[in-house]
Amino acid sequence: MKFKHILALIAFGAFFIPTSLTAQDDMLDMLGEEEPQPVYATAGFKTTRIINGHSFEMNAHGVMDFKISHRFGTLNSGALNAFGLDNALMRIGFDYGLTKWLNVGIGRNGGAIKYYDGFAKVKFLRQQTGVKNIPISALFVSDFAIDANPKNNVEQQPYYFSHRLLYTNQIIIGRKFNDAFSLQIMPTHVHRNFVQTKAESNDVLLMGVAGRIKLSKRVAINAEYYYALPGQLDAQYKNSLSIGFDIETGGHVFQLHLTNSTGMVEPAFLTETRGSWLDGDIHFGFNVSRVFTVYRPKR
Amino acid sequence: MKTTIISALALFLAFGASAQDKYFTRDGYIKFYSSTPIEDIAAENHKVTAILDEATGKLEFSALIKSFEFEKALMEEHFNENYMESNTFPKSTFKGEIVGFDASKFGAKPMEVTVKGMLEMHGVAKEISEKGTVTKQDGKYVLKSKMMVNPEDYKIEIPNTVREKIAKELEVTIDVALAIFKK
């Protein structure tokens with residue numbers, strides 16, 4: 001019986017000491033666990049584009065993103081043309097965050113390939129932990145483009161305005177795996193109202209994959225590849241492959257890259273990429289993104 | 001069965017031994033403000049946890065870094081991603097005491113006090129000593145303080161490209177009202 005009492009005393013002591021110690025050491029623990037808050041994955045990519053195509057990131061509500069992009073001539077065009085620098089295509093665009101889940105944008109692709117374009121981008125699944133556990137982000141991007149190139153010599157007559165229209169619809173499924181690594185896939189459908197030859201199909205299905213690896217807090221390396229399912233495009237057109245750096249400096253993101261595509265609107269780089277990486281038809285290019293907070297939503 | 005009862009008893013007694021009035025909040029306020037000729041940056045956190053032991057003057061704060069709200073979304077993103085690295089260091093805490101705390105001294109008139117202890121953020125703990133005021137009114141302790149914090153003391157790197165836009169020292173404003181804590 002006595003032995004049992006001693007045991008009880010030891011048990012008592014054993015429990016008493018640690019409890020009283022923690023109670024003194026960390027009063028915050030007494031308050032217990034805080035209410036769980038949703039923790040969203042942010043900044044999986046530095047900006048809303050990988051290189052040519054969309055990333056799973058969005059502009060925040062009320063933020064306007066002014067984008068200027070250039071694609072130069074091919075590196076293999078020789079020293080006389082400053083390895084392509086003499087010859088540039090450019091796109092100027094404005095993206096805007098209408099809400100935190102809806103972005104819209106317009107742009108103009110000028111130079112040797114002329115387009116107007118506009119898009120709507122909806123993020124319908126947001127990667128998060130905390131209250132809900134959603135491992136991926138998912139988006140829908142719908143883009144239309146107007147081919148603004150002169151059409152005086154096309155065989156198709158009459159050539160209506162509707163012949164100039166091109167539509168791209170895309171699902172983006174992506175995940176920020178950790179601070180350094182993000183990956184996304186982009187099943188994509190392009191519909192072209194008019195194509196040059198009967199051998200080409202009006203509808204083109206593609207699968208895209210893109211990712212980034214962060215090299216430091218402000219520099220990342222991005223890559224993007226679109227694979228067109230065979231038999232839809234003319235043989236002269238290649239799959240678009242781009243690789244580049246994102247450099248962030250506060251309000252700006254500079255993207256410097258090498259790509260075999262020159263067009264900066266979806267139908268142009270998805271279905272009309274002429275360059276071949278193996279033949280050295282590589283273009284240097286850059287995007288500059290500058291964001292402005294034009295409207296401050298109330299919290 | 002017996003052990004369970006004993007442990008329950010032990011737990012109860014242990015808490016009983018340290019049971020004095022404690023005051024706490026979960027919606028305390030911390031603001032920081034950086035002012036330079038180029039840009040002013042401010043962020044506010046309305047979800048700060050704080051607890052004060054009336055018997056000893058021990059004081060603790062805890063703030064989630066992701067709860068700091070900025071005017072510009074991109075600033076908030078960069079604050080979390082590039083400066084505070086809130087995925088790795090989600091919380092900032094202070095653990096210390098109000099020097100010479102005597103519960104009977106405080107009243108409706110703000111009284112100046114010194115607070116000493118360890119401030120931990122971005123994974124770096126640093127001993128600090130700052131002035132503030134304490135008011136006791138309607139059964140609540142109101143603690144206020146304005147202090148300067150140097151990000152470099154906490155290994156928060158500020159690259160040269162943005163050096164001109166971020167002040168060398170940030171002004172931190174603290175305002176918490178602590179109500180009695182009932183178990």
message: So which residue, B:Arg26, B:Lys66, B:Lys165, ends up with the most heavy-atom pairs under 4.5 Å with chain A?
response: B:Arg26
Atom [atom1] of residue position [X] - does it have more than 12 heavy atoms of other residues, nucleotides or ligands inside 6.0 Å?
X: B:Phe89; atom1: CZ; answer: yes
X: A:Tyr116; atom1: OH; answer: no
X: B:Glu169; atom1: CD; answer: yes
X: B:Lys155; atom1: NZ; answer: no

query: Quick one: of A:Val63, A:Thr249, A:Asp179, who has the most non-hydrogen atom pairs under 4.5 Å with chain B?
result: A:Asp179
- prompt: With a 4.5 Å heavy-atom cut-off, do A:Lys214 and B:Glu81 have their side chains touching?
  reply: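 In contact.
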task: Answer with side chain, backbone, both or neither: which region of B:Leu74 has an atom nearer than 4.5 Å to a non-hydrogen atom of chain A?
output: side chain
- prompt: What are the two closest heavy atoms between B:Asn82 and A:Lys217, and how far apart are they?
  reply: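 Of all heavy-atom pairs spanning B:Asn82 and A:Lys217, the closest is O-CD, 3.1 Å.
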Pairwise distance OG1(A:Thr42) to CG(B:Asn87) - rounded to 0.5 angstrom: 6.5 Å
- prompt: Does NZ or CZ of A:Arg218 lie under 6.0 Å from the centre of the six-membered ring of B:Tyr83, at an angle within 45° of the ring axis?
  reply: yes
